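Being a predicted model, the structure only gives us computed values, none of them experimental.
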Amino acid sequence: MAGLALDGVNPDVGLLYDINGLARSAPPWFDRVMEFVGEYGIMLALVLVGLWCWWSVRRRGTSEDSIGAVAALVWAPLGAGIALLVNVPIRGFVERPRPFLDHQGLEVLIAGKTDFSFVSDHSTMAMAIGVGVFVAHRGFGFAAIGLALAEGFCRVYMGVHYPTDVIGGFALGTAVVLLLAPLAQALLTPLVSAVSRSGSAGRLVRSRRAAAEQQHELLDIPEPGVRPGHNDLAA
């Protein structure tokens, strides 16, 4: 396979050919699936995981837990957007061409990519969202981070990024979300708390059933059909 002779000199290029070589040997329909998954599908799946996480956290735990988790979920896409903005000067400074411009024999599944390669926007955004979801809920966060890793693999498989472009995107997305998380939580938590106390908008943070159950526990309301002190009298 063309390009494998570079393995001993540049492991990044060698790994690029190894992963992208899978596209050359795969059937055409599978490449079309990977093209859609790598460009749109995984990002859509991350949105769905985030929505599922939101639906779960607003129905369980205390009010404080729900407010903190929803604030973290709000921060996830905001952090991803900030990470993409940070990437703009990085790409302009590094000016690394796309791999198919410098190396022959690659199977390029997405045509028309003319911007710079380092770092990968898709990998940056996917990992930023994944880490943001992890801050909100570890279970859903592991699933989201797994999807982000799959996104990075797809970008190399499609021939549009080097492996180090993907690793750089993972590092950038993780760093932005985690480093700015304390400030974001300090700003977003009071906002989410105010929304939770409002009328119908409060259900975006706390479901009506969960709020009623928590109020029931706080007031120690007896179950229907059980009179206060009933057990003491019976004893």
Side-chain angles (χ1 to χ4, degrees), residues 12 16 19-20 33-55 57 69-100 108-185 187-188:
D12 192 25
L16 165 68
I19 296 176
N20 181 255
V33 170
M34 290 293 286
E35 177 184 342
F36 174 80
V37 169
E39 194 74 4
Y40 308 107
I42 290 179
M43 302 309 301
L44 176 60
L46 283 168
V47 172
L48 295 177
V49 169
L51 290 174
W52 189 6
C53 181
W54 162 77
W55 183 261
V57 299
V70 172
L73 287 174
V74 173
W75 167 236
L78 293 178
I82 293 175
L84 291 179
L85 290 177
V86 173
N87 191 28
V88 172
I90 293 176
R91 297 185 100 171
F93 176 77
V94 177
E95 293 186 346
R96 186 184 202 182
R98 295 280 181 168
F100 53 81
V108 183
L109 303 186
I110 296 289
K113 298 287 185 180
T114 58
D115 54 342
F116 295 121
S117 185
F118 186 89
V119 295
S120 166
D121 278 341
H122 278 74
S123 300
T124 299
M125 184 163 54
M127 187 56 73
I129 294 175
V131 173
V133 174
F134 182 84
V135 173
H137 189 284
R138 289 193 176 184
F140 288 102
F142 280 122
I145 291 174
L147 288 171
L149 295 174
E151 177 66 32
F153 177 85
C154 287
R155 302 310 289 177
V156 180
Y157 181 96
M158 294 158 61
V160 294
H161 280 292
Y162 293 94
T164 47
D165 297 337
V166 169
I167 295 172
F170 289 164
L172 177 60
T174 300
V176 168
V177 170
L178 291 184
L179 290 176
L180 297 180
L183 176 61
Q185 288 289 96
L187 295 175
L188 291 173

Enquirer: Within the structure provided, determine whether Val166 and Phe153 are in side-chain contact (heavy-atom separation under 4.5 Å).
Expert: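 With C-beta onward as the side chain, the pair stays apart.
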Enquirer: With no hydrogens and no angle check, is any side-chain donor or acceptor of His122 less than 3.5 Å from a backbone partner on Gly152?
Expert: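 It does not hold such a pair.
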Enquirer: Hey, does the side chain of Arg155 reach the backbone of Gly38 with a donor-acceptor pair shorter than 3.5 angstrom?
Expert: yes
Enquirer: Which heavy atom of Val49 sits nearest a heavy atom of Ala144, and at what distance?
Expert: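 Residues Val49 and Ala144, closest heavy atoms: CG1-CB, 4.2 Å.
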Enquirer: Which pair of non-hydrogen atoms, one from Ala128 and one from Ala80, has the smallest distance, and what is that distance?
Expert: CB-CA, 3.6 Å
Enquirer: Within a strict 4.5 Å, meaning less than it, do heavy atoms of the Met127 and Val177 side chains meet?
Expert: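 They are not in contact (no side-chain heavy atoms under 4.5 Å apart), so the answer is no.
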Enquirer: Could you tell me if the side chain of Trp75 sits less than 4.5 Å from the side chain of Leu183, heavy atoms only?
Expert: no
Enquirer: Are side-chain heavy atoms of Val133 and His137 found at a separation under 4.5 Å?
Expert: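 Not touching, per the 4.5 Å side-chain cut-off.
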Enquirer: Check Gly50 against Leu73 and note the closest heavy-atom contact, atom names and distance.
Expert: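 Smallest heavy-atom distance, with atoms named: O-CD1, 4.1 Å.
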Enquirer: Looking at CD1 of Ile145 and CZ of Phe170, how far apart are the two atoms once the value is rounded to the nearest 0.5 Å?
Expert: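 With rounding to 0.5 Å, CD1 (Ile145) is 10.5 Å from CZ (Phe170).
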Enquirer: So do the side chains of Arg98 and Asp115 get within less than 4.5 Å of each other, counting heavy atoms only?
Expert: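 A side-chain contact exists here, since the closest heavy-atom pair is under 4.5 Å.
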Enquirer: Looking at Gln185 and Ala72, would you say the former's side chain and the latter's main chain have a donor-acceptor pair under 3.5 Å?
Expert: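 A pair under 3.5 Å: yes.
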Enquirer: Can you tell me if Asn20 uses its side chain to pair, donor with acceptor, with the backbone of Tyr157 under 3.5 Å?
Expert: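 Between the backbone of Tyr157 and the side chain of Asn20 there is a qualifying donor-acceptor contact (under 3.5 Å).
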Enquirer: Quick one, Phe118 and Tyr162 - any side-chain contact, counting heavy atoms below 4.5 Å?
Expert: no
Enquirer: Run the numbers on Asp165 and Arg96 for salt bridge (charged side-chain N to carboxylate O under 4.0 Å, His left out), then give the verdict.
Expert: CA-CA 9 Å; Asp165 297 337; Arg96 186 184 202 182; 2.9 Å; yes
Enquirer: Looking at every non-hydrogen atom in both residues, tell me the closest pair between Val160 and Ser117 and how far apart they are.
Expert: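 Result for this residue pair: O-OG, 3.9 Å.
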Enquirer: List the steps, then state whether side chain to side chain contact (heavy atoms under 4.5 Å, CB included) holds for Glu151 with Leu147.
Expert: CA-CA 6 Å; Glu151 177 66 32; Leu147 288 171; over 6 Å; no
Enquirer: Atom CD1 in Ile110, atom CZ in Phe36: separation rounded to 0.5 Å?
Expert: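 So the gap between those two atoms works out to 11.0 Å.
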Enquirer: Check Ala83 against Leu172 and note the closest heavy-atom contact, atom names and distance.
Expert: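 Looks like O-CD2, 3.7 Å.
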Enquirer: Could you tell me whether the side chain of Met158 reaches within less than 4.5 Å of the side chain of Glu39, counting heavy atoms only?
Expert: yes
Enquirer: Using a 4.5 Å cut-off on heavy atoms from C-beta on, say whether the side chain of Leu84 contacts that of Val88.
Expert: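 A side-chain contact is absent here, since even the closest heavy-atom pair is not under 4.5 Å.
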Enquirer: Examine the side chains of Thr124 and Asn87 and answer whether a donor and an acceptor come within less than 3.5 Å of each other.
Expert: no
Enquirer: CZ/Phe140 to CG/Leu51 distance, rounded to the nearest 0.5 angstrom?
Expert: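 These two atoms lie 11.0 Å from each other.
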Enquirer: How close do Val108 and Gly159 get, heavy atom to heavy atom, and via which atoms?
Expert: CG2-O, 4.3 Å
